Amino acid sequence: MRKIIFLFIIGILFSGLAMAGGFQVGLQGQRQTGMGLLGTGYMTGPSSVFYNPGAMSFQENRFSTSIGISPIVSTIAFQYEEPSLYEAKTDNPVSLPFSFYGNGKITDKLSAGLGIYTPYGSSTNWGDDWRGRHIIQDISLMAIYVQPTLSYQISERFGFGVGFVYAYGQVELNKGFPLQDADGAEGSINLEGNTSSFGFNAGFYARPVDRMEIGVTYRSEVLMEVKKGDAAFSVPSSLAGSFPSENKFDADLPLPASVNFGASYQFNDKFKLGVDVNYVFWSSYESLDFDFEKNTESLEDLSQPKNYNDGFIYRIGGEYFVNDMLTLRAGFYYDSPVVDDDYYAPETPDAIKLGYTGGLSFAPNENLSIDASILYVQGLERTVDYKPENFGGTYKYNGIVPGLGINYHF
Amino acid sequence: MKRIITLFIITTFVVACEPEIDDFEPSSGEADFSTYVAVGNSLTAGFMNGELYRSGQQNSYPSMLADKFATVGGGDFTQPLMKDDLGFGNRRVLGPSQDCTGDTSLAPVPIQGEPNPQNFTSIADQGPFNNMGVPGAKSFHLVAEGYGQLNPYFGRFMSDPNTTVLADAMAANPTFFTMWIGNNDVLGYAMAGGEADSITGQQMYGGVLQSMLQTLTSIGAKGAIANIPDITDIPFFNTIPYNALTLSQEQAQQLNQSDAYQQYNQGAENAGVDKISFQEGANALVIEDNSAPYNQIGGIRQIKENELVLLEIPLDSVKCYGMGSQNPVPEEYVLDEEEISKISQAVNGYNQTITAMAQQFSIAEVDMAAVMKEAEENGLRYDGVGYTTEFVSGGLFSLDGIHLTGQGYAIVANKFISAINAEYNAEIPTVSVTDYSGIQFP
């Protein structure tokens, strides 16, 4: 029963849309979400486990913890390459990225923490009958990272931290198969697999002068290697021999590394402002290949070239401390596209993305705060093609992500 | 009140979350699509899988075009539909087929069932018809009086026993027409292995085209004309390889040592032509050739690599009864070098005429030959589905190896649309190729 519940939770996790380049999500803390999702050089609490392990040891409290969820409501609109009247919209189910952090002081200078969060995921559902069905009908990718972390305050102004990442990932996709039966109904392919892998998250954090924070972090690539995933083919019965049932596949999916720089400055008692730059090494995602265990004359391995490029994300955000009980936040980010015009596959939306965020914290007492955030992300209209499959058109997407979290410390 | 405010906020979020892309606006440009008429042969009629039948006709390229013309002012489009999916009864479907060696494989087999008798009765009273594609028609047939008395596919919808296809087309008063005619002017000859029928002469073809276009444009109609693909690229001529004769070492040896071939090879040496020899594995078929100098040495030779074997060759005879080894393959199953060259020359000539006529009458020219060449050389790809000229697996040609599948006709429709858009500054939307019928597997 517990296993079933666990699977159910995983199942609903990332049925949403990637919020950043490629299938990166970036919703790793409500306070950061309120400020354009920045946090490399801007300490706000236990979510430093993810945003900058180097900052953890600067925490004033003996123990702090936070938990939050960010349901994503998103839609991608598509219009087929002109001249055509064909239009489609995704029907992406609401998804639920979450984060949990705990961070405690072992000594004055040494802190230990744990983060469980969902940095990558994507689920796009175009429906079974849409025009790009032979490329993708629906896909869901998701990864959960579990990150135990140590952070050490080297001096009054300088800290370093590193976390070990255990990643669990799962992928499922469905696509139409262009073989018609006697009634003209088409076949389909279902591919499903999961795997786990390892990586790390390391950061330096400094307070070079009073009121100023700076940080740099590196999060390693995590290569998800699916071995013996399930491949099921639904084809007309006379062709069943060419498409063995209970087939297996191997596929590799890189969850890319990133290097992140950030700084912030507390102008006065009321106002603090920060900036972040993220560089994400998406160029490691060259192709998505499905290597089938049993190949036949009719069943060759599938290869979808991706040719992603590295991408920059620029973020700005800040806080206004109204009083002891209320903090307001606002932010903005600009996320550059990582997919070439000729390699834009419909399974993962990509564009110049503009994110507008807001948030607030309400602290009923000095140990507890309730954090709310809202993100509206807009993918600018893009007219592109997926040349390998000759499928092109205009895409535009957006999403809205309300978030709620609780922060407790003592 | 509070509830209304909540509802308003939620609605605002949801609406804000639905991205909108500006709609594409179709336009007719300089052409008037209100009454569209298609003139042509079986390819225009929607013939596929060896027969003209209802669902095939509904997948004809003119019907797809009419569907898109309707977005820019096009009117009703009436096709001479059969009553069922059996037509005159010659349709083929994929089914298990056992060969002489006992092997069973999936192959085109005749469809089961009795055609509706009404398929054979006149539906002229439902006319005039917009799809004037007549299976089997050559260029000059379209202007031949009484052609419907010879061709039952026209006979069932001709307005009068003495009418012509063109006259019935004009009865609809077309404002726009498409024409694709000339394939059968070489195909009849090619399908007979060059041994029967004849290739329509260039003068005849040019004259007929000139007079038809004059008539069609006489009341101000605009139109498009498609040229003729190289028919020797189609699966009917490219599925059975020249070396379809598979022999064991023992069989090869027996043939090589037979008196007949020893004697032949003696004669071949004297005549200065290639000897006939067999080896283990794939072998070039022995074919009938009664031209000089082969007529001196028994009227046979081995087929050359660049010569073509027709899909209709009885393969059981080759596999089990010595055809192509002990006995030559009859000429009607083979296109030899000379015949192929005649066909190519004729098609090139027709296509030059088509280009000249398209210019003369200021109508769109559709380069269907280039599409088919591309399909043959590199394959085509639309929306994630690949198409080649391979028989059955290629998806482009139906089970007769000559006519297209619904998806193949959709590719044809899109080529018409892009040529029409370019010629008349129109913005007619394209059709979705993969939504039409393909090869259907049991």
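Within every chain, numbering begins at 1; the chains are lettered A, B, ... in the order of the sequence lines, protein sequences first and strands thereafter. These numbers come from a predicted model, not from an experiment. Hydrogens, waters and symmetry mates play no part in the numbers below; they use all other heavy atoms, side chains included.
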Taking side chain as everything from C-beta outward and backbone as N, CA, C, O, which of these in A:P346 sits under 4.5 Å from a heavy atom of chain B? Side chain, backbone, both or neither. neither

Lys NZ or Arg CZ of A:R382 over A:Y395 ring: under 6.0 Å, within 45°: no

Less than 4.5 Å to any heavy atom of chain B: does that hold for the side chain of A:F78, its backbone, both, or neither? backbone

Measure B:T71 against the heavy atoms of chain A and call it side chain, backbone, both or neither at under 4.5 Å. side chain

So which part of B:I417 gets closer than 4.5 Å to some heavy atom of chain A, the side chain, the backbone, both or neither? neither

Per-residue contact mode, B:Y436 against chain A (heavy atom under 4.5 angstrom): backbone

Interface moiety of B:L106 toward chain A, non-hydrogen atoms closer than 4.5 Å: side chain

Please classify the contact of B:D22 with chain A as side chain, backbone, both or neither, using a heavy-atom distance under 4.5 Å. backbone

Is the positively charged end of A:R131 above the ring of A:F391, judged by distance under 6.0 angstrom from the centroid and angle within 45° of the axis? no

Residue A:E87 versus chain B: region with a heavy atom under 4.5 Å: side chain

Which bit of A:E186 comes within less than 4.5 Å of chain B, counting heavy atoms only: side chain, backbone, both or neither? side chain

Out of A:P236, A:G184, A:S238, return the one with the most heavy atom pairs under 4.5 angstrom to chain B. A:S238

Side chain, backbone, both or neither: which part of B:V431 has a heavy atom under 4.5 Å from chain A? backbone

Just checking B:D76: does its CG atom have more than 12 heavy atoms from other residues, nucleotides or ligands closer to it than 6.0 angstrom? no

Is A:K175 in contact with chain B via its backbone, its side chain, both, or neither, using a 4.5 Å heavy-atom distance? neither

Region of B:E25 that comes under 4.5 Å of a non-hydrogen atom in chain A: neither

